[in-house]
Visitor: 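Below is the structure I would like to discuss, written out as structure tokens.
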Amino acid sequence: MKVQVLYDKNSVAKNLYVGWGISFLIDGEIMFDTGESGRRLSGNIKKLKADIEKIKMVVISHDHWDHTGGLWWLLKRKEGLKVYACPGFSQEFKKKVIKLKAVLVEADGFTEIAKDIFITGEIAGEYKGKYIGEQALVIKKDGKLNIITGCSHPGIIKIINKVKENFPDIKINRVFGGFHLLNKKIEEIKLIAEKFKELGIENAGPTHCSGEDAEVIFKELYKTNFISIKVGLMLDI
Ligand SMILES: [Zn+2]
Ligand SMILES: [Zn+2]
């Protein structure tokens, strides 16, 4: 399985667009999040030669602008796309998806959306004192799990534990995406990174809202098993 990075704050080449938010394309068919800007997302799709016609569905981690920004461009460009949202997303988001003639799916809990590809369903989180529901994507490959996260507002460990509840006996190969550790103290980040090791996570790729401190700490701990997420990277899962 291939996971292509379409949106991130870093890129492998200067001609690719960078920005706030993330977007990953799984096997050319499933998009996870859409970054903050449709213009940059479409630019990267073009430059990376991803085929928009092949995209079948979009999973949105949570209803924040830096994850939904490119969605409106994509839905205008391609009618009838399946959009996996959480029931707790805003009415404004849901109405906009339906208005653009996409198929809105509000998954009720852990769901297999394609062979060996799952969404966790809505996990309760908090952002600036307000409730925010968020889901993560899980890929099962070669008897191991790979978890992709948006912002991890519910907490990265809470998300991983939710996945483990559903697959108690399956090892976790990779966890990458936003870990939301931007405002955490160094000591707290270190504990989380150590918890990753305790949970047996083999490779880690913090990016986006994980923060620079977290990237340094995870890199020190994971060494060659640190995944440096950048636009243009093609992960072979
Ligand atoms: Zn974010
Ligand atoms: Zn967010």
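Just follow the structure's listing: the first ligand is 1, and inside any ligand the first atom is 1.
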Visitor: With ILVMFWY side chains joined below 4.5 Å, transitively, what does Val216's cluster contain besides itself?
Guide: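 Joined to Val216, directly or through intermediates: none.
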Visitor: Distance-only, no hydrogens or angles: does the Asn203 side chain make a donor-acceptor pair with backbone N or O of Phe226 under 3.5 Å?
Guide: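 Here the side-chain-to-backbone pair does not exist.
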Visitor: Got a sec: does the NZ of Lys219 have more than 12 other heavy atoms crowding it under 6.0 Å?
Guide: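 At most 12 heavy atoms, drawn from other residues, nucleotides or ligands, come within 6.0 Å of this atom.
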Visitor: Count, excluding waters, the protein N, O or S atoms that are closer to the Zn ion (ligand 2) than 2.8 Å.
Guide: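 With waters ignored, the protein N/O/S count below 2.8 Å is 3.
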Visitor: Which residues satisfy the side-chain hydrogen bond (donor to acceptor under 3.5 Å, both in side chains) test with Trp20, sequence neighbours excluded?
Guide: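 Per chain and number, Trp20 pairs via side-chain hydrogen bond (donor to acceptor under 3.5 Å, both in side chains) with Asp66.
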Visitor: For the NZ atom on Lys47, are there more than 12 heavy atoms of other groups (residues, nucleotides or ligands in this structure) within a distance under 6.0 Å?
Guide: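 Buried by this count: over 12 neighbours within 6.0 Å.
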Visitor: Could you name each residue pair satisfying side-chain hydrogen bond (donor to acceptor under 3.5 Å, both in side chains) that touches residues 111-128, not counting sequence neighbours?
Guide: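 Residue pairs passing side-chain hydrogen bond (donor to acceptor under 3.5 Å, both in side chains), neighbours aside: Glu122-Tyr131.
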